[in-house]
There are 2 protein chains.
Amino acid sequence: MEQTLTFSIQDYLKNIYELTDSGEPATTTALAERLGIAPASVTGMVQKLSTAKPPLLKYRKHQGVMLTNEGQRAALEVIRHHRLLEAWLVKTLGYSWDEVHNEAEKLEHVISEDFEKRIAAAMGNPERDPHGEPIPSEDLVMPDDESVALVNLESKQEAVVCRVEAQDTDLLKHLEGLGLVIGAHVKTLEVSRYDQVMQLQVRGRKEAVVLGPAVTSRVYVEVVA
Amino acid sequence: MEQTLTFSIQDYLKNIYELTDSGEPATTTALAERLGIAPASVTGMVQKLSTAKPPLLKYRKHQGVMLTNEGQRAALEVIRHHRLLEAWLVKTLGYSWDEVHNEAEKLEHVISEDFEKRIAAAMGNPERDPHGEPIPSEDLVMPDDESVALVNLESKQEAVVCRVEAQDTDLLKHLEGLGLVIGAHVKTLEVSRYDQVMQLQVRGRKEAVVLGPAVTSRVYVEVVA
DNA sequence: AATATAATTTAGGTATTCCTAAATTATTCT
DNA sequence: AGAATAATTTAGGAATACCTAAATTATATT
Ligand SMILES: [Mn+2]
Ligand SMILES: [Mn+2]
Ligand SMILES: [Mn+2]
Ligand SMILES: [Mn+2]
């Protein structure tokens with residue numbers, strides 16, 4: 001029999017997907033932190049999901065976990081729900097990009113495939129959510145994302161903001177205050193690798209801003225030729 | 001401490017509200033049937049909710065349950081969510097009235113008060129859902145409903161359909177096929193109390209239809225002067 | 001009023017998902 | 001390499017929400 005995908009399991013899979021994006025296995029501790037539960041609880045769930053039929057995770061003691069193909073499909077389904085919902089809430093109910101995450105976090109588990117289809121169609125099958133995150137297609141293929149973090153730019157480079165890795169309200173509001181929204185044109189002025197600080201000019205703003213790595217590692221851009 | 005309103009508890013309260021609408025307590029068996037669980041399980045939950053602080057139910061062994069004021073407030077909150085969601089799904093996503101119930105049944109438990117406010121405002125604070133059921137106001141007052149069931153009409157009366165008590169797809173599709181939708185004008189022809197059958201002319205239809213109590217007890221109308 | 005029937009409750013379990021504390025294993029440092 | 005530290009797992013337990021089977025209580029029938 002197939003493992004029932006409870007809300008809890010859906011959140012495990014989604015977070016494992018995001019943690020293993022780099023190719024590295026997700027550690028028990030990292031998962032526990034993201035999920036806000038005790039590491040011991042994660043071990044238990046991970047053991048269960050890796051011995052389910054079919055297994056949703058590949059797990060070796062003390063080595064962390066990766067998703068199986070089955071697990072990845074389930075994860076992408078949840079991520080598609082989440083990101084479509086965020087886009088939908090912004091587009092039709094006037095939510096701002098710092099408000100959508102918590103609402104989508106709950107709705108993602110309860111909407112039907114029919115609901116998913118309807119909102120996707122109503123928006124013309126968008127490929128990005130309000131934070132620029134790619135939305136997996138209906139057949140669960142994740143669109144490419146070639147963007148690089150601001151922190152990796154040289155000085156005197158021009159680029160366009162295309163994605164932010166942030167879900168907490170405070171950081172998102174801060175970014176908006178700086179003009180660092182999706183589509184903003186920016187130009188790096190001074191870049192100092194040693195103290196991890198960067199001066200950035202946002203097009204349409206008077207003053208350049210000084211940014212630390214808490215911001216520059218979370219804002220992704222495409223460099224302009 | 002306040003009792004956490006789990007999804008399960010929310011469904012108990014909502015169903016108890018609907019069962020006690022008449023003024024009679026809800027029986028264990030009736031509740032069990034509506035919720036699709038065993039009567040023994042209902043007894044357990046009912047005991048818990050009636051001894052919670054504050055109590056959500058008034059319960060005496062073998063006498064059934066009623067909602068306390070606290071319990072009623074919680075029930076109306078869930079019902080408001082459900083009915084607003086149904087209205088919104090129909091209005092913005094093209095759901096038909098026979099498709100909305102199951103989707104709303106899940107969404108009702110996860111939307112925030114903010115979400116509730118936004119969809120209510122977007123629709124101009126509607127007072128009825130797609131089935132004509134009254135939607136509790138934001139301060140949780142249930143609008144009056146003076147309608148009577150078709151089954152209670154005399155012959156030669158004219159009336160307007162204003163509410164249907166139905167949530168299963170089949171019955172709703174059947175009603176739609178008959179033209180018995182919200183706002184339809186109807187006129188009773190022959191009414192036979194003995195075999196519970198009624199002949200009804202729906203305005204705009206060629207043929208009169210013959211209806212049994214499975215339909216006439218679920219379609220509510222306002223009689224036209 | 002006694003008995004049969006129906007409704008309800010109690011008793012004893014299961015599954016899920018989380019917890020803390022203690023034990024174990026892996027990694028890092030000297 | 002051995003010791004200290006950090007990460008992980010195991011053990012034992014709690015809360016929630018169900019279940020079935022058996023016992024009890026209420027209601028209806030004769
Ligand atoms: Mn979630
Ligand atoms: Mn997002
Ligand atoms: Mn429900
Ligand atoms: Mn309805």
Side-chain angles (χ1 to χ4, degrees), chain A residues 1-16 19-20 22 24-53 55-66 71 74-75 78 105-106 108-110, chain B residues 1-16 19-20 22 24-53 55-66 71 74-75 78 105-106 108-110:
Chain A
M1 248 244 273
E2 295 239 323
Q3 173 69 58
T4 306
L5 297 177
T6 63
F7 294 5
S8 191
I9 291 174
Q10 290 176 39
D11 280 335
Y12 273 88
L13 295 175
K14 187 178 66 164
N15 281 283
I16 291 166
L19 281 171
T20 56
S22 61
E24 288 299 294
T27 65
T28 302
T29 317
L31 243 183
E33 229 164 78
R34 278 179 82 107
L35 294 167
I37 63 185
S41 306
V42 171
T43 301
M45 179 64 93
V46 143
Q47 288 173 340
K48 180 171 104 170
L49 297 181
S50 64
T51 55
K53 307 182 300 179
L56 299 170
L57 302 178
K58 226 169 309 178
Y59 164 68
R60 280 185 24 242
K61 270 188 194 176
H62 298 97
Q63 303 298 128
V65 290
M66 297 285 284
V78 182
E105 194 62 41
K106 294 177 297 173
E108 65 189 2
H109 307 295
V110 302
Chain B
M1 248 245 273
E2 294 239 325
Q3 172 69 60
T4 306
L5 296 177
T6 63
F7 294 5
S8 191
I9 292 174
Q10 290 177 39
D11 279 335
Y12 273 87
L13 296 175
K14 187 178 67 164
N15 281 282
I16 291 167
L19 281 170
T20 57
S22 61
E24 290 298 294
T27 66
T28 303
T29 317
L31 243 183
E33 230 164 77
R34 278 180 82 107
L35 294 168
I37 63 184
S41 305
V42 171
T43 301
M45 178 63 94
V46 144
Q47 288 172 341
K48 180 170 103 172
L49 297 181
S50 63
T51 56
K53 307 183 300 179
L56 299 170
L57 302 179
K58 226 169 311 176
Y59 164 68
R60 282 183 22 242
K61 269 187 194 175
H62 298 95
Q63 304 298 127
V65 291
M66 296 284 287
V78 182
E105 194 63 41
K106 295 177 295 173
E108 65 189 1
H109 307 295
V110 302

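Proteins get letters first, then strands, A, B, ... in listed order; numbering begins at 1 in each.
At whole-Å resolution of the value, CD in B/E33 and P in C/dA6 are 15 Å apart. Regarding A/L31, its CG atom lies at a distance of 15 Å from the C1' atom of D/dT9, rounded to whole Å. Distance, B/E24 CD to C/dA7 C1': 16 Å, rounded to whole Å. Rounded to whole Å, atom P of D/dT25 lies 16 Å from atom CZ of B/R60. The distance from atom CG of A/D11 to atom C1' of C/dC18 is 14 Å, rounded to the nearest whole Å. Put simply, CD on B/Q63 is 11 Å from C1' on D/dT25, counting in whole angstrom units. Rounded to a whole Å, the CD1 atom of A/I37 is 13 Å from the C1' atom of C/dT16. Rounded to a whole Å, the CE atom of A/M45 is 9 Å from the P atom of C/dT16.
When each of C/dT9, D/dC19, C/dC18 is scored by its nearest atom to the side-chain atoms of B/H62, the top-ranked nucleotide is C/dT9. Comparing D/dT10, C/dT17, D/dA21 against the side chain of A/A40 picks out D/dT10 as the nearest. Closest approach to the B/S41 side chain among D/dC19, C/dC18, D/dT10 is made by D/dC19 (side chain taken as heavy atoms from C-beta onward). If you check C/dT17, C/dT10, D/dT9 against the side chain of A/K61, the one that comes closest is D/dT9. Distances from the side chain of B/T6 to the nucleotides D/dT16, C/dT9, D/dT10 place D/dT16 closest. In the set D/dT10, D/dA17, C/dT9, the nucleotide with an atom closest to the side chain of A/Q47 is D/dT10. With D/dT10, D/dA17, D/dC19 as the choices, the nucleotide that has an atom nearest any side-chain atom of B/A38 turns out to be D/dC19. Taking the side chain of B/K48 as heavy atoms from C-beta on, and the options D/dA17, D/dT9, C/dT10, the nearest nucleotide is D/dA17.
B/T43 comes within 4.0 angstrom of a base, heavy atoms only. Residue A/Y59 is in sugar-phosphate contact alone, with no base atom involved, counting any heavy-atom pair closer than 4.0 Å across all strands shown. Across all strands, A/F7 comes closer than 4.0 Å to no nucleic acid atom at all (heavy-atom distances).
Using a 4.0 Å cut-off, some side-chain N or O of A/T28 falls inside it from OP1 or OP2 of D/dT9. In this model, the phosphate group of D/dC18 is approached by a side-chain N or O of B/Y12 to a distance below 4.0 Å at OP1 or OP2. Contact check, B/S8 against D/dT16: no side-chain N or O comes under 4.0 Å of OP1 or OP2.
Contact annotation: the side chain of A/L31 approaches that of A/L19 to within less than 4.5 Å [non-hydrogen atoms, C-beta and beyond]. Counting heavy atoms from C-beta on, the side chains of A/L13 and A/L5 come closer than 4.5 Å.
Here the straight-line distance linking atom CD1 of A/I37 with atom CG of A/D11 works out to 9.5 Å at 0.5 Å rounding. Distance check, rounded to the nearest 0.5 Å: CD of B/E33 to OG1 of B/T27 gives 8.5 Å. Between the CZ atom of A/R34 and the CD1 atom of A/I16 there is a distance of 10.5 Å, given to the nearest 0.5 Å.
Legend: residues meeting side-chain contact (heavy atoms from CB on, under 4.5 Å) with A/K61, ordered by chain and number and at least two apart, are A/Y59.
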